[in-house]
Every structure is written in C-alpha cells, then in structure tokens.
Amino acid sequence: MSGADYCPNTPGEILEMLDSIGVGSIEELFEVIPPELRAGSLGLPKGMSEFETLRRMQGLAEKNSRKLIHFIGGGFYDHFIPSVVNHMAGRAEFYTAYTPYQAECSQGTLQALYEYQTAICALTGMEASNASLYDGGTALAEAALMALRITGRNRLIVDGAVNPFYRQILRTYLKNLQVELVETTPSADGAGREDIRLHVDDGTAAVILQNPNFFGGIDNLADLAERTHGAGALLVATVYPVSLGLVKSPYEMGVDIVSGDGQSLGNPLSFGGPSFGFIATRREYIRSLPGRIVGETVDVEGKRGFVLTLQAREQHIRRHKATSNICSNQSLCALRGLLFLCSIGKRGFAELATLNRDKAEYAKGVLGGVRGISVWNRTPTFNEFTLTLPQDARKVVEKLLSRGIAGGVPLGDWFRGMEQCLVVTVTEKRSREEIDALAENLEDALWS
Amino acid sequence: MELIFEKSVAGRLGVALPDSDVPGSDFLPGNLLRTDPPPLPEVGEPELVRHFTNLSQRNFSVDTNFYPLGSCTMKYNPKVLEEVAALFSGCHPMTALLPGGHIFAQGSLELIYCLGRMLCEITGMDEVAAQPLAGAHGELTGIMIIHAFHKARGNRKHIVIVPDSSHGTNPASAAMMGYEIVTIPTAPYGDMDMNLFRKAMNGEVAAVMMTCPNTLGLFNPHVGEICAIAHEHGALAYYDGANLNAIMGKARPGDMGFDVIHLNLHKTFATPHGGGGPGSGPVGVKKELIPFLPVPRVVKIDDGAYALEQENPLSIGRISGFFGNFAVLARACAYIVLLGREGLVRVSEQAVLNANYLQEKLKKYYDLPYDISCMHECVFSAARQLKQGVHALDIAKFLIDKGFHPPTVYFPLIVKEAMMIEPTETESKANLDAFIAAMIEAAELAEKNPQALMQAPVTMPVKRLDEVKAAREINVCHLLAQGTGHKARD
C-alpha cells in the first residue's frame with residue numbers, strides 16, 4: 001500500500017484548477033526550472049501506511065535501552081511531569097499555531113507567553129524575561145553577546161565550573177568576534193574567586209558563572225557581583241531552575257543577566273530536545289534582550305490584550321543590525337514550562353526543590369560512605385554532587401551501565417586532572433532503594 | 001481575560017508530590033536560602049485546565065483555520081507524528097555520551113543518521129548535521145561552516161552577498177559572524193539583478209546567500225549560473241531552505257551548485273510550529289565541507305553500530321546542548337517514511353498548484369507585481385486598495401473576521417503593501433475558493449466601504465491593539481507591573 005500524502009484535491013478538482021490557471025498539466029508549472037537542474041527520481045523507499053510507519057519507528061525506539069535508572073544530569077534532568085502539562089500543551093490550538101504576528105487571533109499564545117515571562121521573573125527575581133530561546137547553552141551565549149553589547153567591551157571571564165558544553169557553545173559563538181575569553185580553573189570551593197578577582201578589569205564585559213555549578217556546588221555570588229560591578233562589568237549566571245525553589249534568587253545575589261535550560265520544567269528528556277532556554281534581566285537592559293518579547297497593552301476600546309513588542313530590535317525589521325538573528329522561540333516548550341510551574345504551584349515548587357535536595361543529601365551520605373570514595377565538593381550542593389573514586393570514573397560508569405544504572409557523569413573527558421571524579425544527580429524520581437542499589441553496585445564495581 | 005497569576009489564591013494546592021522516603025536535611029546555610037518561595041500562582045488543577053483551555057480557544061491554528069502565512073509553510077501536521085515523538089521521550093541524551101553509552105541509545109542515533117541520509121537524498125547534499133535548533137540557528141551554523149572553511153584555506157574574505165528579497169535572518173546571521181553585508185536589488189523580472197550581482201562579486205566575497213524559490217515565490221532560472229559565478233571567485237553558495245516545499249523531487253539545491261544549505265523541518269516536513277517553536281534547522285553540506293560540521297556528530301562505525309564523534313580539529317565546535325531538537329527530528333523522519341519518494345513529489349506539485357490557482361483567481365482584484373507562474377506561494381500588493389486608504393494590514397484584519405489566518409503582510413520588504421500567500425498542499429480547492437471569495441469581498445469593500453475594513457477585526461476577543469503603547473509603556477512582567485513579589489532595586 002502506498003503512503004498518505006494529506007493532499008485532499010481529487011483528480012477532478014485538479015483538472016478544474018489546471019483549467020482555471022490555463023495550463024495543461026502540473027508539470028507545466030515547473031517548466032521555469034531549467035532542464036539541467038531537474039532532479040531524477042528520489043532514491044527513497046515508497047510511502048507506507050500509518051500502521052507500518054509506526055511499527056517501523058517502534059522498532060527503532062526498541063533499540064534504545066529503556067530501563068536505565070538515571071543518576072545523570074549534565075544539563076538535562078529526569079523530573080516528573082504532571083499529566084496536565086501534556087494535555088494542555090497538546091491542545092492543537094497551541095501546537096499547530098505559529099509565531100503570533102496577528103495579535104487579535106493569537107491572544108492565547110500571547111497571553112500564555114506573557115504569563116511565562118512573569119513566571120520566569122518570579123523564579124529568578126528579575127524584572128524582564130523574553131519569550132524563550134532555543135536551549136540553555138545558546139541562551140548563555142546570547143547572554144554573553146548581550147553583555148558585550150551593553151558594555152561595549154570585549155573581554156569575558158568564564159568560570160571553569162560552567163557546564164563544559166555551554167563553554168564549548170560560547171567558544172563557537174564568539175570565535176570570530178574579536179572577543180577575549182578567559183576561563184578560570186574549576187574549584188571545589190565554588191566560583192573561582194581568586195582567578196576572577198585577578199582578571200576582572202575595566203575592559204571586562206562580564207563574569208559568567210553557573211549556579212549550582214557543573215559539579216553541583218551552590219554559591220552565594222553577592223561578593224562577586226560587587227567586585228564585578230566595581231569594574232563596570234556585568235554578572236551573568238546560568239542557573240538550574242528547580243534549585244530556585246530553595247536557593248536565593250539570582251536577582252538578590254546581584255546577577256544582571258540570568259539564563260538557563262527549561263527542560264526540567266515539564267519538558268521530557270527526548271534525547272536532548274526540544275527544551276527551551278530562558279533569559280531574564282534587570283529592566284534597564286530590556287532593549288538589549290534578544291528574541292521575541294510579549295507586552296501587555298489595550299485594544300481600541302481599552303480592553304486588555306497582548307502583542308509582540310520592542311520588535312525594532314529584531315531581524316525582520318533591522319536585518320543585519322538586529323540584536324540577534326533569532327526569529328522564533330521555543331513557544332510550546334515555554335508553555336510546558338509555564339504549565340509545569342502553575343500545576344505544582346508556589347508551595348509545590350518549594351517542596352520539589354526540597355525533595356531533590358533531601359534525596360541528594362541522602363545519596364551523598366550513602367555513596368560518600370562507600371570504601372575508597374570521598375565527596376569532592378567543599379561547598380553545599382543541591383541535587384548533584386561530585387565524588388572522587390579510587391580509579392578512573394569512566395571505567396566504573398561503563399560497568400554500572402551494564403547493570404542497568406546510568407550511575408553518573410565521569411569528568412575525565414571534559415576536565416583534565418579529574419579522571420577519578422563522578423557527578424551524581426538525584427532527582428525526586430529516584431527512590432531510596434535505587435540510591436542504596438547504586439551504592440552497592442558502586443562498591444561492587446570498585447572492589448570485586 | 002484574567003491572568004493565571006490573578007486567579008491565584010494563597011494556600012490553594014496544585015498537583016501533589018510524593019512523600020519523601022529519605023530523612024530531611026538542613027544542609028543549606030541561611031545565606032544561600034530564599035526567605036519566601038518564588039511567587040508562582042496557587043491554583044487547583046480544574047481551574048488550571050479551564051484557564052488554558054480558554055486561552056487555547058483564543059488562537060487561530062492550522063487545526064482550526066486556513067493559515068496561509070507566507071514563508072512559514074503552515075501545512076497540516078499528521079497526528080501519528082505525535083505518537084512517534086512520544087516513543088523517545090524517556091531517553092536521556094547524556095546516556096549516549098557516557099563511556100560505552102552509545103550502545104544504550106542505538107535507536108535514537110540510528111534515527112538521526114537515517115534522517116540525515118534521507119535529507120541528503122532530497123537535497124543533493126553529501127552530509128547533514130541535525131544539531132541546529134531552528135532555521136535561523138541553521139543559518140548561523142552554515143555561516144560558521146563557511147567562515148571555518150575559508151579560514152582553513154587562509155582566505156580573509158569579509159563580505160556576504162544577499163539579495164534584497166532575502167529573509168531578514170540571512171543578513172542577521174552573517175552579521176553575527178562579523179561579515180559585512182552587501183545587498184543586491186531585485187530586477188524587474190523578480191530575481192536578483194544579475195548585472196549588479198556580477199559587479200559586486202570579487203575575491204573578498206565569502207558567500208552568496210540565496211533562497212530558491214525566492215521570497216516572491218519565484219524560481220530563479222539563473223540559480224545555477226549564480227553558484228558558478230560565486231565559485232569562480234572562490235566564494236561559497238548558501239541555500240536558505242525555507243521554501244523547499246516547492247521543489248521536492250523536482251530540483252535539488254546540491255545539483256544547482258549550492259555548497260551549504262539549511263532546512264526548516266517544521267515547515268517542509270510537517271512538524272508542528274508550536275506557536276513559534278520548537279523548530280529544527282539541519283544543515284547540509286558538500287563533501288569538502290564535512291570536516292567543518294558541528295560536533296557531536298552521529299557516525300556509523302565499523303561494526304555497523306552508531307556512535308558519536310565528539311571532536312574534530314576542523315569542526316566549528318558545538319552549537320547546541322546535545323544532538324538537536326530530537327523529538328522534531330523523529331517527527332520529520334516519520335513524515336518522510338510515511339510519504340516516501342512519490343508522496344514528497346506530490347506534496348510539492350500540489351503546493352505549487354494551489355498557489356498558482358490562488359494567484360490566478362486573485363490577480364484581477366489585487367496588483368501582482370510579478371505576473372508570472374509562481375511556485376508554492378504568491379505575493380500580491382495592496383497598492384490599488386491603498387488609493388482608498390486601505391492597507392494590507394486592514395485586509396489582513398478583515399480576513400480574521402472571515403475565519404482565515406491572514407497571509408504574511410509587509411514582507412518581502414521590496415513589495416509595497418505586500419501580502420504573501422502560501423496555501424500549502426494540504427488545503428482543498430473548496431477551502432481555497434472560500435478564501436478567494438473573502439479576498440474578493442475585501443477588494444470590493446475597499447472600493448465601497450473602506451471604513452469597514454479599517455475597523456476589522458470585530459469578532460475576536462480583542463479589537464486592534466495599541467502597539468505604540470506596548471513599546472512605550474513597557475509591561476512584560478505582571479509581578480513588576482503590580483509591584484508585588486518584587487523588591488525594586490535601590
């Protein structure tokens with residue numbers, strides 16, 4: 001059987017239409033393409049029915065191991081997603097619409113994005129958020145570009161404990177822009193304070209940190225904000241949104257631009273995407289934000305409504321002088337984020353953060369007690385922490401994988417000299433039994 | 001409509017979390033702790049569902065309305081694709097990056113690899129990178145690849161040429177890589193002016209960025225020559241794949257001579273637009289550019305398994321967190337499998353037929369600046385209606401009252417009062433006829449009662465909105481506007 005093509009016109013209708021146009025065949029409409037550029041038959045299989053397609057895709061999905069117990073993070077986290085998130089984000093009026101250029105028939109998306117911006121401000125303490133960016137790494141790159149624009153300076157100091165993937169993205173984005181990128185040495189004591197103090201000067205656009213950092217350490221950045229602002233530079237931080245249920249907001253710590261990945265807020269792991277990036281700032285920098293922004297206004301009768309605003313920053317108006325080349329956002333993922341935050345609510349969100357912290361603290365105690373293992377961090381941690389093992393952590397992780405446990409992220413590939421270190425993540429989904437089993441398997445992998 | 005924040009009642013609980021099975025801890029010192037939880041709404045689930053259901057009903061969407069938004073390819077999104085995406089929702093991306101971990105993610109890696117091969121076949125390119133997260137992100141990646149290619153050859157080319165009909169993202173992406181932009185005007189026949197292009201070409205030009213068919217919906221028959229001229233000067237030819245829906249199985253950018261392309265899977269390959277994302281913008285390249293592709297790259301290794309190449313000295317580096325918007329890739333892959341080689345060709349044929357039918361039926365009523373056979377979209381001007389004081393925007397707003405999402409208006413910038421109509425292949429003749437009737441009614445009203453158009457829309461939850469007020473009295477956060485939950489700085 002041949003595949004569906006979702007083209008509804010019947011042969012009769014097609015003939016009528018060709019007649020109206022005044023051509024004898026559809027082929028005539030393609031005559032403008034010179035013969036030497038015409039394609040031959042595509043080397044693809046013929047179409048399939050929905051049933052066959054689904055079976056084929058199920059076959060692929062079954063080649064993935066679906067029973068791994070996740071103690072891995074590294075930017076994406078295995079969190080619970082309330083059913084209401086899928087059901088509401090699955091409303092076709094949301095997911096089959098596009099960028100709300102025509103405000104009057106897009107109030108649903110526009111109001112949801114305004115509520116999303118408000119929710120991001122609630123989490124971060126900031127005064128302005130855009131309507132979302134692609135992901136956490138690109139959001140940090142956009143935050144860095146924003147700091148360069150605001151200060152007119154061309155030097156960035158990046159803490160060595162920022163997610164190595166995010167630092168790679170930063171390097172890629174900045175490669176051709178005559179920007180000096182100084183990376184500090186990672187420290188078990190939190191931010192690389194000594195290096196940052198040494199390097200920050202009146203040519204520095206921003207100091208870029210992660211909190212909690214890649215090793216799980218939480219830090220109060222207030223003293224660094226003071227030092228950074230003293231040099232006329234901005235403090236940029238990428239944060240893990242779930243931690244903000246417990247940890248002091250970036251705004252209170254003196255951060256100027258905050259970004260992060262929203263996957264943890266109601267978006268499935270989906271092998272790395274889509275998620276969304278968020279970015280928020282103080283009100284004086286709102287015109288330097290990249291991407292879409294939704295604003296509240298009124299209609300001709302004074303009734304509340306929402307529109308895309310500050311569009312003079314954007315590429316479709318400013319072309320090569322725009323604040324960014326970004327054209328879309330990750331609306332549907334941002335909507336999922338909003339739905340997640342509203343469904344568990346103010347108190348639930350604080351409880352969720354506490355549950356993550358408590359489970360991780362328990363795991364830190366149990367795993368840190370395994371013979372030969374010690375805890376690497378010298379600061380408090382949230383739901384991730386780093387262990388030092390008595391051997392290369394990569395070998396240990398491989399052994400654990402064969403037992404159905406993704407036991408952590410070994411650091412050897414990304415941090416020189418940290419071959420024996422393992423970052424372990426514990427979300428609210430991990431049970432005490434699973435944590436105890438990880439400890440037993442770790443002991444076994446190390447000593448038998 | 002009230003905001004969800006305004007429906008919040010202190011103490012109302014939402015979804016319950018599981019009880020803790022571990023002892024509590026108070027490990028965080030006071031200087032790290034919040035005094036109050038973030039001021040999120042407190043609403044119950046029934047109220048939440050009603051709020052968002054009501055909000056959704058304030059949207060036009062492909063599933064509820066004809067949505068001929070030019071350049072965006074708002075075609076029907078088959079429902080089975082949602083089921084396909086759900087098959088992979090529990091896969092953690094970090095698994096594949098662990099030592100030996102790729103074995104546990106063979107299905108996902110194979111999917112990315114196979115999608116890449118199929119996209120190569122459709123476009124005539126040699127290799128595809130799936131990491132870019134949207135069309136504009138793909139463009140940026142493509143420009144980075146071009147920059148890295150020239151750099152590796154010691155070239156110091158600093159100019160990128162774009163036609164004035166290009167998408168705004170083209171010059172914006174090139175500018176982000178530090179390139180100087182040279183814009184070539186459109187000739188009276190609707191394509192880039194070849195004489196001016198030849199004059200602008202020199203050894204300083206790194207790339208020429210083309211959209212083909214262009215934003216006027218026209219196929220440029222000189223496209224092969226343009227690529228050849230670029231190559232003569234040591235420049236690369238870049239193809240913006242926004243309009244690929246017009247030519248699948250009819251012509252391939254790789255055969256035209258393009259070196260680097262990006263695709264918009266959410267347009268051509270029927271993945272939902274999500275109210276403005278997630279999209280996906282894979283980049284395709286010719287053989288000599290493969291070493292510059294972003295990492296990590298999915299490769300097939302000797303034992304037939306799929307693995308990740310995490311480093312490559314010539315690579316532009318990492319451009320997104322993991323391997324791309326995987327759930328979008330999965331949908332696009334399933335779409336190609338569903339339609340197959342003949343189905344994709346029929347898609348382009350029907351898209352072009354529908355656009356030409358609309359163009360033919362409407363050209364008596366609206367100015368058609370380039371009166372030749374179009375591809376998948378057509379661009380009219382409301383210049384005639386402007387004489388009665390009616391703008392393209394007024395016609396757009398009138399269409400909303402008639403139950404149609406308006407076409408793209410005021411783009412491309414080179415057409416005065418532009419209305420860019422892309423019907424897509426998934427609309428029936430009956431739907432097109434209804435839209436044509438509404439457009440004709442608008443043209444007649446412009447003559448007889450222009451005021452009626454200027455007041456539209458009148459059937460929506462809101463009438464025309466004050467955009468100037470929105471930009472002047474900025475209100476982008478409810479908490480800040482209310483002065484609640486936020487301590488003003490200083």
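We name chains A, B, ... by the order of the sequence lines, and we start the count at 1 in each one.
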*Quick one: do A:Asp358 and B:Ser20 satisfy side chain to side chain donor-acceptor pair (under 3.5 Å)? Show the steps, please.*
CA-CA 8 Å; A:Asp358 287 353; B:Ser20 181; 4.9 Å; no

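Proximity to chain A is limited to the side chain of B:Ile181, based on heavy atoms less than 4.5 angstrom apart. Both the backbone and the side chain of B:Ser173 come within contact range of chain A, with heavy atoms under 4.5 Å apart. No part of B:Lys75 comes within reach of chain A, as not one of its non-hydrogen atoms sits under 4.5 angstrom from that chain. Proximity to chain A is limited to the side chain of B:Ile336, based on heavy atoms less than 4.5 angstrom apart. Of the atoms belonging to B:Thr426, heavy atoms from both backbone and side chain fall under 4.5 Å from chain A. Using a 4.5 Å cut-off between heavy atoms, A:Ser132 does not touch chain B at all. At a 4.5 Å heavy-atom cutoff, the contact between B:Ala330 and chain A is made by backbone atoms alone. Contact annotation for A:Glu351: both backbone and side-chain heavy atoms come within less than 4.5 Å of a heavy atom of chain B. For B:Tyr76, the part lying under 4.5 angstrom from a heavy atom of chain A is the side chain only. At a 4.5 Å heavy-atom cutoff, the contact between B:Leu69 and chain A is made by side-chain atoms alone. Heavy-atom distances place the side chain of B:Ile400, and not its backbone, under 4.5 Å from chain A. B:Gln310 touches chain A through its side chain: at least one heavy atom from C-beta onward sits under 4.5 Å away, while N, CA, C and O do not. Using a 4.5 Å cut-off between heavy atoms, B:Tyr67 contacts chain A through its side chain alone, with no backbone atom that close. Contacts of B:Leu28 with chain A are made by both backbone and side-chain atoms, with heavy-atom separations under 4.5 Å. In this structure, the portions of B:Ala327 lying under 4.5 Å from any heavy atom of chain A include both its backbone and its side chain. In this structure, the portions of B:Met176 lying under 4.5 Å from any heavy atom of chain A include both its backbone and its side chain. At a 4.5 Å heavy-atom cutoff, the contact between A:Tyr101 and chain B is made by side-chain atoms alone.
Considering every non-hydrogen atom in both B:Pro38 and A:Ala122, the closest pair reads CB-O, 3.5 Å. Residue B:Gly321 comes nearest to A:Ile169 through the heavy atom pair N-CD1, 3.8 Å, listed as atom of the first residue, atom of the second, then distance.
Judged by distance alone, the side chains of B:Ser108 and A:Asn64 do bring a donor and an acceptor atom under 3.5 Å apart. There is no side-chain donor-acceptor pair under 3.5 Å between B:Arg58 and A:Gln107. Looking only at atom types and distance, the side chain of A:Ser249 has no donor-acceptor partner in the side chain of B:Arg34 under 3.5 Å away. Between the side chains of A:Thr96 and B:Asn77, not a single donor N or O lies within less than 3.5 Å of an accepting N or O. With hydrogens and angles left out, the side-chain atoms of B:Asp63 and A:Tyr95 include no donor and acceptor closer than 3.5 Å.
Under the 4.0 Å criterion applied to side-chain N and carboxylate O atoms, A:Arg38 and B:Asp255 are not assigned as salt-bridge partners. Checked for salt-bridge contact, B:Lys463 and A:Glu104 miss the test: no charged N lies under 4.0 Å from a carboxylate O.
Cation-pi geometry between A:Arg91 and B:Phe52 is not met: the NZ or CZ atom fails to fall both under 6.0 Å from the ring centre and inside 45° of the normal.
Outside the 6.0 Å centre-distance limit, the rings of A:Phe271 and B:Phe322 are not counted as a close aromatic pair.
The line from NZ of B:Lys469 to OG1 of A:Thr297 is 5.5 Å long, rounded to the nearest 0.5 Å. Between the NZ atom in B:Lys361 and the OG atom in A:Ser20 there is a gap of 4.0 Å [rounded to 0.5 Å].
With sequence neighbours excluded, the residues forming a side chain to side chain contact (heavy atoms under 4.5 Å, CB included) with B:Lys429 are A:Asn9, A:Glu13, A:Glu16, A:Met17, B:Tyr357, B:Asp433, listed by chain and number. When the salt bridge (charged side-chain N to carboxylate O under 4.0 Å, His left out) test is applied to A:Lys175, no partner is found at least two apart in sequence or on another chain.
Ring geometry for A:Tyr134 against B:His137 counts as tilted: the plane angle lies between 30° and 60°, on a 0 to 90° scale.
Most heavy-atom pairs under 4.5 Å with chain B, from the set A:Glu301, A:Arg304, A:Arg347, A:Lys395: that is A:Arg304. Of the residues considered (A:Gln58, A:Lys303, A:His70, A:Glu36), A:His70 shows the highest number of contacts with chain B, using heavy-atom pairs under 4.5 Å. Of the residues considered (A:Cys105, A:Ser431, A:Cys333), A:Cys105 shows the highest number of contacts with chain B, using heavy-atom pairs under 4.5 Å. When the candidates A:Leu68, A:Ile14, A:Thr53 are compared by the number of heavy-atom contacts under 4.5 Å with chain B, A:Thr53 comes out ahead.
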